[in-house]
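Just below is one structure, and these are the notes that go with it.
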Amino acid sequence: MLNRFDLTSFAKVRVVFKTLLVQVALLCAILFIVWGAQRLYALVDPVVFPDPVAVPDSASLTENEKGKILVDAVTHQLRRELDSPLGWSINDIVFNRYLIDNRAYRQYGVYHATKALIDLYSMHIAKIGSSGRESEFLYNARLNSFAINPRKFWFPAAEKSYRQGLALVEKYKKSLDDGTGVYNARTDDLYLALGVVIGENMLGYAIGLLEDAQNLPFYTLDNRIYEVQGIVLVARDFVHTLYGLYPDLMAKNNAENMNAAMKDMNAICTYNPLYITSDLNSGELVLSHLIFARNRLMDIRNSLRV
């Protein structure tokens, strides 16, 4: 009887063990398929962005050349999204914000930050003094082309409007070449520009998106994380370019602050976990990077007052 009981128990244990083994194998297979699908998608369309836009040596640049480089840095990410393999996804019939939501919300973040910096550039940097006249090209771009809702499908289509806005930016750049355009970045403009980046419409807004990260369902949380990533992509390009073009920022003992800010922004720009929940790969990590980067940029901004 004892041997029979032992054999029966052993058989049950074997069944349980095999069942668990099959379940673990299925789970691993599902994770592998998801990981493989993500990797395959990344071969077609980038999902991480480790490097900011390149900045040439500023020593031999004229002010107008700096102006063209800076406005290119503002619009770099929008141009990249529009020219990416799947194009503008938020309002797409097939690759829309419901099917490829991370990409679409990143694009919304890119749009949000680009619009904020185009407004700054047009109203404060591309003019002489507060009473100076804005460039007609940038004025039309910010009030008409870039003001279109990024989710708008047609009449007018957002993608077409943004391309028209970028064409107007190119006309502004040509106006700098022929002497009819204005670029006038002073120290107080740099102070203001950094204030806009850390302010309530950019990094402050991004922080607000993730403040209640633990209480958000995963399908909302991951959308917000990638919207934040889009904002930071634009902010990183802009700040990195400002720092490269203007030695005044470097001369204020800001190397440590800049390196730390870039490290945190790079961490957000390369953030792409397999799965996001309020507990696993949550928004708190991204939020901490945001807060640290914003504090460092605030120190750089404040150094311009000394």
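Positions are given from 1 along the sequence.
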(request) Indicate if Leu166 and Leu143 have the same hydrophobic cluster label, given that clusters are the connected sets of ILVMFWY residues with side-chain heavy-atom separations under 4.5 angstrom. (result) no

(message) Which heavy atom of Gln77 sits nearest to which heavy atom of Val234, and what is that distance?
(response) CB-CG2, 3.9 Å

(message) For Asp72, is there an ion pair with Arg79 - N to carboxylate O distance below 4.0 angstrom?
(response) yes

(message) Within the structure provided, determine whether Ser84 and Arg103 are in side-chain contact (heavy-atom separation under 4.5 Å).
(response) yes

(request) Report yes if some heavy atom in the side chain of Arg301 is under 4.5 Å from a heavy atom in the side chain of Tyr191; otherwise report no. (result) yes

(message) Check Lys173 with Asp178, please: is the shortest side-chain N to carboxylate O separation under 4.0 Å?
(response) no

(message) If we count only N and O atoms by modelled type, under 3.5 Å, do the side chains of Tyr121 and Tyr172 hold a donor and an acceptor together?
(response) yes

(message) Ring-plane angle category for Tyr111 and Tyr162, please: parallel below 30°, perpendicular beyond 60°, tilted otherwise.
(response) parallel

(request) State plainly whether one hydrophobic cluster holds both Ile300 and Met250, where clusters connect Ile, Leu, Val, Met, Phe, Trp and Tyr through side-chain heavy atoms under 4.5 angstrom apart. (result) yes

(request) Could you tell me whether Phe49 and Tyr271 have their ring centroids closer than 6.0 angstrom? (result) no

(request) Run the salt-bridge test on Glu159 and Arg163 with the 4.0 Å N-O cut-off and return the result as yes or no. (result) yes

(message) Is there a side-chain contact between Trp88 and Leu78 in this structure, where contact means two heavy atoms from C-beta onward sitting under 4.5 Å apart?
(response) yes

(message) Side chains of Lys66 and Tyr246, heavy atoms from C-beta outward: is any pair under 4.5 Å?
(response) yes

(request) Over all heavy atoms of both residues, which pair between His112 and Asn201 is shortest? Give the atoms and the distance, please. (result) NE2-O, 2.7 Å

(request) Answer whether the closest heavy-atom distance between the side chains of Tyr205 and Val228 falls below 4.5 Å. (result) no

(request) Identify whether the distance between the nearest side-chain nitrogen and carboxylate oxygen of Lys68 and Glu65 falls below 4.0 Å. (result) no

(request) Report yes if the side chains of Leu249 and Leu194 come closer than 4.5 Å at any heavy-atom pair, otherwise no. (result) yes

(request) Determine whether Met123 and Glu134 make a side-chain contact, defined as any pair of heavy atoms from C-beta on separated by less than 4.5 Å. (result) yes

(request) State, to 0.1 Å, how close Ala73 and Val53 come at their nearest heavy-atom pair, and which atoms those are. (result) CB-CG1, 4.2 Å

(message) Do Met262 and Arg236 make a side-chain contact, defined as non-hydrogen atoms from C-beta onward lying under 4.5 Å apart?
(response) yes

